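As the structure is a prediction and not an experimental result, all values here were calculated from the model.
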Amino acid sequence: MTMAMSIAQFTFFSRATSSSFLNRTNARFNRFTFSTPFSTADATCTRKKNGRLPVLSALELGGVKIARDDVVRDDPTNNVPDSIFSKLGMQLHKRNQHPIGILKNAIYEYFDANYSNKFDKFDDLCPLVSVKQNFDDVLVPADHISRSYNDTYYVDSQTVLRCHTSAHQAELLRDGHTHFLVTGDVYRRDSIDSTHYPVFHQMEGFRVFSPKEWEASGLDGTSYAADDLKKCLEGLARHLFGAVEMRWIDAYFPFTNPSFELEIYFQEKWMEVLGCGVTEQEILRNNGQLDSVAWAFGLGLERLAMVLFDIPDIRLFWSNDERFTSQFTKGKMGIKFKPFSKFPPCFKDMSFWINESFTENNLCEVVRGVAGDLAEEVQLIDNFTNKKGMTSHCYRIAYRSMERSLTDEEINELQRKVREQVETKLNVELR
């Protein structure tokens, strides 16, 4: 469920698709791999000078090759840039010596040990899904902000890059799966800073109970599922973080009732670990699970891995620099990242008069499109409205490579291109 996101990302948790892409690939349970070296867990590639990976021309979904033009289109309903297409198929969660893969496998170990391999595991489901799968099937309201083009990557009006691993929940239930873990890359238009990135990884857990499982307990189905859920996740938290203090916070999510957030006291502060709850009956009824109850949880792998491995910047997860990748070992959770560079940031300010359609997410998309991972942060540092009612924003862009020093010439050229594209693409007036 969308609870695979951090709570700040929880708003993402879907009409029947008419997309020719989905019809052609039968995206329902397509596993996908790249028909390039990027499909392997140990694959590496050379970054371009601006910190971006080269754009691949095609990937393979369930045996069907998908060209770049199937995902990045000159279409008013499409907002997927090349920088996002280049991440499809990277599958950090399937790399056993990568922090994301190590964490995924540690969670698998917990469920295998405590539930006798009862949970089916899915980690290669196609990230292109229908609007129905992504939103409607998990009861996201029709007017919810997460459906907007400002927040979600649309391939066309009926197809998106999944915002959460919950997009596969309904079909797994309809196919008869009652215990499952879904891990995958998810996509969201977002801000630029050390903890946000437009591609990240989530894991969702789901368990269905039949009446015979709770009737003997003397509890109603909802209470039984909630108690089992909390016991399961408290055990998972101890497995990952050790003997930590925990607390449960009541929450609201459209797809569960009741809903909770689990927090732990770690490194002298309370930290949110995940969101969870008892699945809404409408989801179960819609997918053939009558007279049942279920629980679901979701967590963001990057968020936990940054804490567990002491990784200070989310961009590092995508680095192919051996000084990063060589620090981690399959199956070892206790390794702490040792910084290998302290290259200085360079700050550039940019002011412009905004219009009614301006959003910060759109600005960040432009900056990422030009600078790639060399853009470390975009921060609003000043704004005012003049007597004519015109509003000005001033943003400070921090440029920094995690692998080398940037030259003044490089940074000035990046800033020149950013200013040019901000003015033309966002239709703002530079100051």
Side-chain angles (χ1 to χ4, degrees), residues 12 14 17-27 30 32-39 43 45-92 125-131 133-134 147-164 167 184-190 192 197-201 318 357 359 361-375 414 417-418 420-422 424-427:
F12 277 97
S14 314
T17 178
S18 60
S19 165
S20 60
F21 164 76
L22 287 182
N23 291 336
R24 191 164 82 249
T25 60
N26 188 23
N30 281 337
F32 77 108
T33 57
F34 267 104
S35 53
T36 72
F38 296 123
S39 62
C45 64
T46 302
R47 287 183 181 272
K48 292 184 178 180
K49 199 172 184 180
N50 63 2
R52 289 176 289 175
L53 291 166
V55 177
L56 304 178
S57 61
L59 52 82
E60 192 170 290
L61 297 169
V64 179
K65 287 187 177 180
I66 305 301
R68 170 189 172 278
D69 290 346
D70 287 313
V71 181
V72 183
R73 303 175 182 174
D74 184 15
D75 183 309
T77 64
N78 182 285
N79 63 353
V80 183
D82 279 324
S83 60
I84 294 299
F85 178 77
S86 70
K87 297 296 190 293
L88 288 170
M90 295 295 286
Q91 296 185 293
L92 302 184
L125 300 180
C126 178
L128 285 94
V129 299
S130 69
V131 170
Q133 290 172 298
N134 199 69
R147 292 178 181 255
S148 74
Y149 280 75
N150 186 59
D151 286 37
T152 295
Y153 288 109
Y154 279 80
V155 174
D156 58 42
S157 63
Q158 297 300 313
T159 313
V160 299
L161 289 170
R162 64 185 172 207
C163 303
H164 46 194
D185 44 328
V186 297
Y187 299 80
R188 174 183 177 180
R189 301 176 91 241
D190 213 335
I192 298 178
Y197 201 77
V199 190
F200 50 102
H201 297 77
W318 298 92
S357 63
T359 70
N361 279 356
N362 286 339
L363 172 63
C364 290
E365 284 294 299
V366 171
V367 175
R368 279 198 181 99
V370 172
D373 286 354
L374 298 181
L414 288 173
K417 290 180 178 179
V418 166
E420 181 181 272
Q421 293 199 23
V422 164
T424 57
K425 291 186 175 182
L426 303 185
N427 194 29

- Task: Spell out, as yes or no, whether a donor-acceptor pair under 3.5 Å connects the side chain of Asn78 to the backbone of Val155.
- Result: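 Flag set: sc Asn78 to bb Val155 pair under 3.5 Å.
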
Would you mind reporting whether [Y] and [X] have side-chain heavy atoms less than 4.5 Å apart?
X	Y	value
Tyr154	Arg73	no
Val370	Glu420	no
Val186	Phe200	yes

Distance from [X] atom [atom1] to [Y] atom [atom2], nearest 0.5 Å?
X	Y	atom1	atom2	answer
Gln421	Leu363	CD	CG	11.5 Å
Gln91	His201	CD	NE2	8.0 Å
Leu92	Lys87	CG	NZ	9.5 Å
Arg189	Asp151	CZ	CG	8.0 Å
Asp69	Asp75	CG	CG	11.5 Å
Arg162	Thr152	CZ	OG1	14.0 Å

- Message: Using every non-hydrogen atom in the two residues, find where Tyr149 and Ser157 come nearest and quote the distance to one decimal.
- Response: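 Looking at all heavy atoms of both residues, the closest pair is OH-CA, 4.0 Å.
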
- Task: State, to 0.1 Å, how close Asp190 and Cys364 come at their nearest heavy-atom pair, and which atoms those are.
- Result: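 That would be O-CB, 3.6 Å.
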
- Message: My understanding is that only residues two or more places apart in sequence, or in another chain, count here; which of them pass side chain to side chain donor-acceptor pair (under 3.5 Å) with Thr359?
- Response: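 Here the qualifying residues are Asn150, Asn362.
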
- Message: Using the side-chain contact (heavy atoms from CB on, under 4.5 Å) definition, which of the options Val199, Val160, Leu128, Val80 pairs with Tyr153?
- Response: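 Testing Tyr153 for a side-chain contact (heavy atoms from CB on, under 4.5 Å) against Val199, Val160, Leu128, Val80 leaves exactly one candidate, Val80.
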
